[in-house]
Amino acid sequence: MYLLIQKPLLLTGRSRFLEDPLPFSAFLTDHFGRHHNYLRISLTEKCNLRCQYCMPEEGVKLTPRAQMLTVKEVVTLAGLFVKQGVDKVRLTGGEPLIRPDVVDIVAQLRKLEGLKTIGVTTNGINLVRLLPSLKEAGLNLLNISLDTLVPARFEFIVRRRGFHKVMEGINKAVEMGYNPVKVNCVVMRGMNEDELLDFVSLTEEKPLDVRFIEYMPFDGNRWNFKKLVSYQEMLDTIRQKWPDLQKLPSGTTDTAKAYKVPNFQGQIGFITSMSDHFCGSCNRLRITADGNLKVCLFGNAEVSLRDTLRSGASEEALLEIIGAAVGRKKKQHSGMLNLSLMKNRPMILIVLMDQHPAQRGRAFQTDVFTSREDRLPTFYYCRAFVGPALAPARTHCTAAGSPIGSGQRAWDRDPTGWPAEQMVRGGEGSAGEDPGDRLTHVDPATGQAVMVDVGEKPVSRRRAVARAVVRLGERAFSLVQQERVSKGDVLAVAQVAGIMGAKLTDQLIPLCHQVALDLVRVSVQLDPARLAVVVTAVCQAQGRTGVEMEALVAASTAALTVYDMCKSVTHNIVVEEVRLLSKTGGQRGDFQYEAA
Ligand SMILES: Nc1nc2c(ncn2[C@@H]2O[C@H](COP(=O)(O)OP(=O)(O)OP(=O)(O)O)[C@@H](O)[C@H]2O)c(=O)[nH]1
Ligand SMILES: C[S@@+](CC[C@H](N)C(=O)[O-])C[C@H]1O[C@@H](n2cnc3c(N)ncnc32)[C@H](O)[C@@H]1O
Ligand code: SF4
Ligand code: SF4
């Protein structure tokens with residue numbers, strides 16, 4: 001198999017794999033060492049059903065046909081992934097079996113060397129008609145969705161007729177030797193949780209694998225906690241009838257926790273995306289029907305492979321984009337509550353809804369360092385990054401923390417020849433005056449600005465905390481909160497900008513010393529009461545001069561970055577309250593901000 005693994009991204013996790021004897025593609029290995037060998041391809045956004053948990057009654061706004069992937073594009077993209085090590089492709093949607101060329105797609109995928117498994121997830125309505133040709137084309141795996149065994153209820157749940165067609169499809173699949181035939185049942189309280197035992201009974205005579213799926217929140221599906229029936233609750237219910245229910249070993253990357261009633265032909269499983277996620281072993285990537293790569297089912301970050309492909313880009317260029325997106329994949333989804341608050345498209349789309357056109361085709365930066373678990377339940381967002389200190393070459397002073405002897409004065413002199421003490425005191429003020437009155441940054445001899453000679457000062461631990469508040473207004477605040485700002489993840493970008501700002505302080509503020517910062521911590525939080533982003537920057541160093549400017553620059557840079565990221569939404573953004581909150585260390589004593 002041809003593995004193009006040069007130029008791995010600058011992620012330590014992935015470079016590790018380059019040393020393995022048979023390395024998995026660096027492009028498909030994420031920051032957490034997960035190998036993505038399973039590609040889910042959505043063939044269409046359309047569907048012949050309107051399941052309540054998946055799709056609004058009126059359907060969804062469809063992407064124009066010209067923007068959908070063609071058969072050739074599907075196969076080309078799949079081929080690219082297969083060359084990198086993907087060995088399983090699942091076709092999904094929307095309803096994949098309403099795409100007229102679905103059999104052709106399966107047949108062409110079958111020709112891809114290295115692709116072991118081709119699966120389809122379908123609502124089963126068109127299955128009886130299509131299954132023979134799909135099987136002949138090379139379809140290996142079949143997952144069929146069915147949420148109720150009661151015909152009238154079926155119509156209620158999916159808002160269409162077709163129960164019997166689905167049942168016939170399931171029977172046909174068994175008849176044609178698919179084993180197991182997986183049956184997906186989304187369990188919702190008040191809808192179908194009373195049918196759990198009936199579904200388990202289905203596995204008695206048939207080699208079915210009935211998977212009970214925890215109801216997941218997507219845009220517009222009216223998810224709430226009360227409707228969620230958890231894995232544990234389902235298991236308890238089933239165990240009451242079948243106490244000897246056996247746990248089966250699951251594959252390392254399986255979504256389902258598998259069980260079996262002894263002596264039943266089939267088995268059951270639980271897909272516990274909500275109560276016990278399986279992100280740690282995630283091996284999935286998705287391509288949406290219009291050609292976006294989506295690295296996580298619950299992530300908003302997408303990058304258009306279609307546009308890159310259509311622009312005639314090379315395989316390498318596509319791989320770079322894919323690798324960058326995979327590199328940004330988060331450790332896990334953000335937990336039940338956050339998922340319910342978060343903006344995600346209906347499952348049927350898993351395609352781009354609010355993306356800025358300019359973003360298409362670009363690997364845009366979102367959530368660079370953190371996973372969503374950092375977000376607290378109320379969307380109170382706080383991230384911390386403690387980086388290794390950047391140690392710029394220091395001039396005119398010893399390394400931070402080293403003791404100063406009296407013999408070291410020579411290099412502490414300012415070019416004007418004034419020793420530090422005199423320079424500080426020798427300005428317009430004189431000894432005994434309030435230090436605040438002295439012009440410490442003006443050379444008394446030349447009248448020119450100078451950096452204060454701090455070489456004489458004792459080294460102490462310096463710490464400063466600064467704050468900036470960015471008032472966004474209702475619309476921008478809400479978009480930031482929902483991570484729907486077209487430029488990307490505002491809070492993540494601002495946080496990193498703050499850190500970078502702190503490190504660049506001496507280059508931005510003319511008379512600032514270079515300080516080897518030991519710590520920069522920038523937190524960026526949403527304040528719903530003020531519809532504002534609150535930036536708090538903490539800088540720390542061992543040195544002879546304070547780090548308040550670093551903290552202030554960090555807070556300001558992060559605040560300005562928030563402005564920059566949101567200015568396409570509104571210019572009514574106010575950066576305010578840039579101020580020092582506290583400062584410790586140094587000779588002048590500690591400072592604590594007091595509101596006037
Ligand atoms: N959290 C999470 N859940 C997923 C993902 N893919 C599928 N699921 C869940 O699994 C359910 C069934 O999806 P299927 O399309 O049958 O796919 P599958 O279970 O991955 O299929 P197999 O190939 O048989 O493992 C979906 O309704 C989701 O609840 C994923 O990437 N992340
Ligand atoms: C989006 S459908 C697409 C394929 C096909 N139309 C079907 O229904 O099988 C894929 C799977 O997602 C499941 N699904 C959709 N919305 C869901 C939700 N809110 N929670 C859990 N699973 C969901 C469906 O039941 C189905 O098994
Ligand atoms: S779950 Fe499948 S069948 Fe139901 S609306 Fe969504 S895409 Fe259609
Ligand atoms: S939620 Fe995201 S990370 Fe977790 S299993 Fe699904 S796709 Fe993978």
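Order of appearance sets the numbers: ligands from 1, and atoms from 1 within every ligand. FYI, side chains are in, hydrogens and waters are out, and symmetry mates aren't considered; it's all heavy atoms of this structure.
- Counting atoms of ligand 4 from 1 in the listed order, those under 4.0 Å from a heavy atom of F278 are 5 (S).
- Side-chain contact of T29 with R34: a donor-acceptor pair under 3.5 Å is absent, judged by distance alone.
- In this model, no donor atom of one side chain and acceptor atom of the other lie less than 3.5 Å apart for N184 and N143.
- The ligand atoms of ligand 1 that sit less than 4.0 angstrom from a heavy atom of K88 are 22 (P), 23 (O), 25 (O).
- The shell of residues lying under 4.0 angstrom from ligand 3, judged by heavy atoms, includes G94.
- For the residue pair D147/Y53, the side-chain donor-acceptor check at 3.5 Å is satisfied.
- Shown in contact with K182 at under 4.0 Å from a heavy atom are these atoms of ligand 1, numbered in order with element: 22 (P), 24 (O), 25 (O).
- Per-residue contacts place F298 under 4.0 angstrom from the following atoms of ligand 4 (heavy atoms of the residue considered): 1 (S).
- A donor-acceptor pair shorter than 3.5 Å can be found between the side chains of K206 and N171.
- Here the shortest heavy-atom pairing between L235 and F270 reads CD1-CE1, 3.7 Å.
- The pair E302-K294 counts as a salt bridge, with a side-chain nitrogen and a carboxylate oxygen less than 4.0 angstrom apart.
- Taking a cut-off of under 4.0 Å to the non-hydrogen atoms of C296, the atoms of ligand 4 that pass are 1 (S), 2 (Fe), 3 (S), 7 (S).
- Ion pairing of E58 with R50 is absent here, as no side-chain N (NZ or NE/NH1/NH2) approaches a carboxylate O to less than 4.0 Å.
- For ligand 1, the polar-atom distance check finds no N/O of H333 at less than 3.5 Å from any of the ligand's N/O atoms.
- No heavy atom of E214 sits closer than 4.0 Å to any atom of ligand 1.
- Heavy-atom proximity to atom 11 (C) of ligand 1, evaluated over I271, N283, T92, is greatest for I271.
- Heavy-atom neighbours of K247 NZ from other residues, nucleotides or ligands within 6.0 Å: above the threshold of 12.
- Judged purely by distance below 3.5 Å, without hydrogens or angles, the side chains of K331 and H31 never pair a donor atom with an acceptor atom.
- Every atom of ligand 1 with a heavy atom of T121 under 4.0 Å away is listed here by number and element: 14 (P), 15 (O), 16 (O).
- When distances to atom 6 (Fe) of ligand 3 are checked against a cut-off of 2.8 Å, C47 contributes no N, O or S atom below that limit.
- In terms of protein heavy-atom proximity, atom 8 (Fe) of ligand 4 is closest to C282 SG, 2.3 Å.
- Which parts of ligand 4 touch C279 is read off a 4.0 Å heavy-atom cut-off, strictly below it: atoms 1 (S), 3 (S), 4 (Fe), 5 (S).
- Remark: E214 does not engage K227 in a salt bridge, criterion side-chain N to carboxylate O under 4.0 Å.
- Of the candidates S42, G162, S145, C51, it is C51 that places a heavy atom closest to atom 4 (Fe) of ligand 3.
- Every atom of ligand 1 is numbered from 1 in the order shown, and the set under 4.0 Å from a heavy atom of R286 is 5 (C), 6 (N), 7 (C), 30 (C), 31 (O).
- The closest side-chain donor-acceptor pair between N123 and R160, if any, does not fall under 3.5 angstrom.
- At least one heavy atom of N184 sits less than 4.0 Å from an atom of ligand 1.
- Close approach to N123 involves these atoms of ligand 3, each under 4.0 Å from a residue heavy atom: 3 (S).
- Close approach to R90 involves these atoms of ligand 1, each under 4.0 Å from a residue heavy atom: 15 (O), 17 (O), 21 (O), 22 (P), 23 (O), 24 (O).
- Which of M274, K294, R211, R284 comes nearest to atom 20 (O) of ligand 1 through a heavy atom is settled by distance: it is R284.
- When only non-hydrogen protein atoms are considered, atom 7 (S) of ligand 4 lies nearest to L297 N, 3.3 Å.
- Side chain to side chain, T237 and E233 fail the donor-acceptor criterion of an N or O pair below 3.5 Å.
- Near H333, meaning under 4.0 Å from one of its heavy atoms, ligand 4 places the atoms 1 (S).
- Few gaps surround NZ on K182; more than 12 heavy atoms of other groups in view lie less than 6.0 Å from it.
- Near M216, meaning under 4.0 Å from one of its heavy atoms, ligand 1 places the atoms 28 (C), 29 (O).
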